[in-house]
Amino acid sequence: MPLIGLMPAMSTTAGSWDQALTLPMTVEYDSNPTFAPRNPEGVARLRVSPVYGLSWRDGRHDVLATFGMSLERSTDSDTSVPRDDPRLGLNWVRSTPTGEYGVAARYEERSTRAAEIDDAAFVVADATQETRALSGHWDEALSPLLRVRLTGDYRRSRYDNTQLQDYDEFGAAAHFTRLFSERTQFFAQMGAVHYEPLAGWQSTSQYYSATLGAGWQASPQLTLQLNSGGRTWLATTIV
């Protein structure tokens with residue numbers, strides 16, 4: 001049951017500040033949090049995730065800073081330990097007459113129970129994943145009919161559990177869109193990710209993907225899209 005509080009904007013001659021406070025709360029029940037093969041014991045969790053956002057806009061620059069926490073308590077603190085995880089974010093976007101560019105930074109801590117299920121479908125003891133991320137993008141209309149978007153990101157993940165592998169991840173992607181009419185467009189996307197563990201048995205690897213597609217706007221409420229692509233992983237070095 002999310003609770004949202006909006007704070008009044010603060011205006012200046014050059015731009016304006018806006019504030020927002022959200023307070024989502026969820027209750028969940030996990031019938032088998034440890035994936036035990038027999039006699040599982042369930043656990044109930046209460047999660048409260050307050051987030052305060054402060055933004056600045058002046059028509060050319062958009063800056064957004066977010067400060068949040070994820071507070072979690074459960075009925076079995078041995079299986080699902082209490083969590084007090086910080087989440088911080090900073091985003092800056094600069095608008096131009098034909099596009100925009102910007103950078104974003106993020107820091108967060110998560111339970112490895114949740115993080116590893118999401119990332120790798122791997123179940124481990126409840127510990128902490130610390131993530132620091134930096135990303136950037138450039139979006140530009142090269143002509144009235146052709147648009148390009150380039151993105152790059154870096155992710156640094158560290159664990160306080162020796163069962164899990166610390167790693168760095170680098171990614172880049174390019175997306176091209178070509179308009180053929182007011183309702184029809186073709187697009188192509190290419191991306192690459194480099195995964196590098198810091199130590200241990202795992203190998204460095206690269207992930208490549210490519211997609212071609214077309215879209216047609218049947219109505220203001222309906223857009224049809226068809227795309228096809230491929231992806232592959234290449235392991236390179238055992239470390």
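The two residues Ser55 and Leu64 make their nearest non-hydrogen contact at CB-CD1, 3.9 Å. The shortest non-hydrogen separation linking Gly42 to Tyr29 is CA-OH, 3.4 Å. Nearest heavy-atom pair across Leu90 and Ala65 is CD1-CB, 4.0 Å. Residues Ala104 and Asn91 come closest through the heavy atom pair CB-OD1, 2.9 Å. Smallest separation of non-hydrogen atoms from Gln129 and Ser157: NE2-OG, 4.0 Å. Heavy atoms only, all atoms of each residue included: Ser31 and Pro40 are closest at O-CB, 3.8 Å.
Pairs passing the salt bridge (charged side-chain N to carboxylate O under 4.0 Å, His left out) check and including a residue from residues 58-69, sequence neighbours excluded, do not occur. Under the salt bridge (charged side-chain N to carboxylate O under 4.0 Å, His left out) criterion, no residue pair touches residues 175-194, with sequence neighbours excluded. Pairs of residues two or more places apart, or lying in two chains, that qualify as salt bridge (charged side-chain N to carboxylate O under 4.0 Å, His left out) and include a residue from residues 133-142 are Asp139-Arg147, Asp139-Arg149. Residue pairs meeting the ring pair (Phe, Tyr, Trp, His ring centres under 6.0 Å) criterion with at least one member in residues 173-192, sequence neighbours excluded, are His175-Phe187, Phe180-Phe186.
Residues satisfying the salt bridge (charged side-chain N to carboxylate O under 4.0 Å, His left out) criterion with Asp85, sequence neighbours excluded, are Arg83. Not counting sequence neighbours, Gln225 has no partner by the side-chain hydrogen bond (donor to acceptor under 3.5 Å, both in side chains) test. Partners of Tyr208 under the ring pair (Phe, Tyr, Trp, His ring centres under 6.0 Å) rule, at least two apart in sequence or in another chain, do not exist in this structure. Among residues two or more places apart in sequence or in another chain, the side-chain hydrogen bond (donor to acceptor under 3.5 Å, both in side chains) test is passed with Asp84 by Arg73. By the side chain to side chain contact (heavy atoms under 4.5 Å, CB included) test, Thr75 pairs with Val43, Ala44, sequence neighbours left out. Asp168 is linked by a salt bridge (charged side-chain N to carboxylate O under 4.0 Å, His left out) to Arg158, counting only residues two or more places apart in sequence or in another chain. Checked against side-chain hydrogen bond (donor to acceptor under 3.5 Å, both in side chains), Gln217 has no partners two or more places apart in sequence or in another chain. In terms of the ring pair (Phe, Tyr, Trp, His ring centres under 6.0 Å) criterion, Phe67 has no residue partners (sequence neighbours excluded).
Glu72 CD to Thr26 OG1: the interatomic distance, rounded to the nearest 0.5 Å, is 8.0 Å. Here Arg45 contributes atom CZ and Ser111 contributes atom OG; the two are 7.5 Å apart, rounded to the nearest 0.5 Å. Atom OH of Tyr154 sits about 10.5 Å away from atom CD of Glu169, to the nearest 0.5 Å. Going from atom CG of Leu46 over to atom CE of Met25 covers 8.0 Å, rounded to the nearest 0.5 Å. Once rounded to the nearest 0.5 Å, the distance linking CZ of Arg155 with CZ of Phe170 reads 13.0 Å.
Put simply, the side chain of Pro197 reaches to within 4.5 Å of the side chain of Thr204, judged on heavy atoms. At least one side-chain heavy atom of Ser49 sits less than 4.5 Å from a side-chain heavy atom of Arg47. Looking only at side-chain heavy atoms (C-beta outward), Ser135 and His137 stay at 4.5 Å or farther from each other. By the 4.5 Å heavy-atom criterion applied to side chains, Ser70 and Arg87 are counted as neighbours. Taking the side chain as every heavy atom from C-beta outward, Trp216 and Leu226 never approach each other to under 4.5 Å. Using a 4.5 Å heavy-atom cutoff, the side chains of Thr22 and Pro24 are in contact. The shortest side-chain heavy-atom distance between His61 and Trp92 falls under the 4.5 Å cut-off. The side-chain heavy atoms of Val48 and Leu23, taken from C-beta on, include a pair separated by under 4.5 Å.
Tyr101 and Val103 fall within the same hydrophobic cluster, defined by Ile, Leu, Val, Met, Phe, Trp and Tyr side-chain heavy atoms under 4.5 Å apart, directly or through other members. When hydrophobic clusters are built by joining Ile, Leu, Val, Met, Phe, Trp and Tyr residues whose side-chain heavy atoms come closer than 4.5 Å, directly or via intermediates, Leu179 is not grouped with Val148. One hydrophobic cluster holds both Leu88 and Leu54 under the rule that ILVMFWY side chains link at heavy-atom gaps under 4.5 Å. Clustering ILVMFWY residues whenever any of their side-chain heavy atoms sit less than 4.5 angstrom apart, transitively, puts Leu150 in the very cluster that holds Met190. Cluster annotation: Leu145 is not connected to Leu142 through the hydrophobic network of ILVMFWY side chains, with a link wherever side-chain heavy atoms come within less than 4.5 Å.
In the model, Gln165 has no side-chain atom that pairs as donor or acceptor with a side-chain atom of Tyr159 under 3.5 Å. In the model, Thr96 has no side-chain atom that pairs as donor or acceptor with a side-chain atom of Arg94 under 3.5 Å.
Checked by atom type and distance alone, the side chain of Asp160 pairs as donor or acceptor with a backbone atom of Thr128 at under 3.5 Å.
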Ser209/Thr211 under side chain to side chain contact (heavy atoms under 4.5 Å, CB included): CA gap, chis, key distance, verdict: CA-CA 7 Å; Ser209 64; Thr211 303; 5.7 Å; no
From CA spacing to verdict: side chain to side chain donor-acceptor pair (under 3.5 Å), Gln19, Tyr52: CA-CA 7 Å; Gln19 306 175 77; Tyr52 170 73; 2.6 Å; yes
Tyr195 vs Tyr207, side chain to side chain contact (heavy atoms under 4.5 Å, CB included): CA-CA, chis, key distance, verdict: CA-CA 8 Å; Tyr195 169 85; Tyr207 166 79; over 6 Å; no
Evaluation steps, side chain to side chain contact (heavy atoms under 4.5 Å, CB included), between Leu224 and Leu222: CA-CA 7 Å; Leu224 304 178; Leu222 178 63; 4.1 Å; yes
Derivation of the side chain to side chain contact (heavy atoms under 4.5 Å, CB included) call for Val193 and Gln206: CA-CA 6 Å; Val193 176; Gln206 288 77 38; over 6 Å; no
